[in-house]
Amino acid sequence: MDSSDLYRHITDFAHSAPVWVQRVSEAWTEYGLLLFGVLFITVWWRSRGHHSPRTVALAALAPLVTALAYVVSESLKSVVDEERPCRAVLGAAAPLITCPVTGDWSFPSNHATIAGAAAVGLAMAARGLALLTVPLALLMAFSRVFVGVHYPHDVAIGLLLGGAVAALSVLALTRPVSALAGAVRASGGRAAVWIAGSGPARQG
């Protein structure tokens, strides 16, 4: 798999972009994943007031399956050992951010994997969020190539890997986690209600 030519085109485009675009891209690629963290917390908090334990389960699963996708991605990295394009591609423009050290392999992109998993997990927990999370994941993936630290195929596979792991994991775990959320709610403890909520039927 060789996407070196496309990598050169994108990094050349990055260097011709306005400085403010470069700076925004640098900030987004470094800190953009934090936005998914905010969405995880928001979706979980809102789920606590829902009558169905399944809603709480889906909200809780979103960050868990994202973490699982990261583990899968990191394991794959240790097997593939692909050098970063910012060191391997001759004639390419210099990266906008520091090229990761040798041994921090390129394939697949952890950032893209996490973004893909988070986008799918959040969309399965709150369907309307897909209109937000999918574009955010695509932007995160593109930014990794734009700043020069990943090949296009790294981020494409990362998105697909993260999305697939998240979707399959949520489908497999929704029923048992829903049962657990219902049991936690039924316990009636203060901590349990704070974590899983009580639902409208038991509020007030």
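No side-chain heavy atom of L159 sits less than 4.5 Å from a side-chain heavy atom of V155. Counting only heavy atoms from C-beta outward, the side chains of L180 and P176 never approach each other to under 4.5 Å. By the 4.5 Å heavy-atom criterion applied to side chains, W28 and L136 are counted as neighbours.
The backbone N or O of V145 lies less than 3.5 Å from no partner atom in the side chain of Y7, so there is not a single donor-acceptor pair. Put simply, the side chain of R54 never gets that close to the backbone of S178: no donor and acceptor are under 3.5 Å apart. A side-chain donor-acceptor contact under 3.5 Å links Q22 to the backbone of A17. Judged by distance alone, the side chain of R87 and the main-chain N or O of P100 form a donor-acceptor pair under 3.5 Å. H150 places a side-chain N or O within 3.5 Å of a backbone atom of S106 that can act as its donor or acceptor partner.
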Evaluate the criterion side chain to side chain contact (heavy atoms under 4.5 Å, CB included) for residue pair H15 and L96; output intermediate values, then yes/no.
CA-CA 8 Å; H15 275 266; L96 298 181; 4.0 Å; yes
Criterion side chain to side chain contact (heavy atoms under 4.5 Å, CB included) on L161 and S73, from CA distance to verdict
CA-CA 8 Å; L161 175 64; S73 175; 4.1 Å; yes
Run the numbers on L6 and H153 for side chain to side chain contact (heavy atoms under 4.5 Å, CB included), then give the verdict.
CA-CA 10 Å; L6 182 55; H153 66 262; over 6 Å; no
I would like to know whether V65 and V165 meet side chain to side chain contact (heavy atoms under 4.5 Å, CB included); could you show each step before the answer?
CA-CA 7 Å; V65 300; V165 170; 5.7 Å; no
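Salt bridge annotation for E74-K77: absent, with no cationic side-chain nitrogen under 4.0 angstrom from a carboxylate oxygen.
Between F13 and F146, the angle of the ring planes goes over 60°, which puts this pair in the perpendicular group of the 30/60° scheme.
Residue pairs that meet the salt bridge (Lys or Arg N to Asp or Glu O under 4.0 Å) test with at least one member in residues 113-141, sequence neighbours left out, do not exist here.
L35 contributes atom CG, which lies 6.5 Å from atom CG of L132 (distance to the nearest 0.5 angstrom). In this structure, the separation between CZ on F36 and OG1 on T66 is 8.5 Å, given to the nearest 0.5 Å. Summarising the geometry, atom OH belonging to Y151 is positioned 7.0 Å from atom CG belonging to D2; distances are rounded to the nearest 0.5 Å.
In this model, a donor atom of one side chain and an acceptor atom of the other lie less than 3.5 Å apart for R144 and T29.
Applying the side chain to side chain donor-acceptor pair (under 3.5 Å) test between R8 and each of D5, D12, T11 identifies D5 as the sole match.
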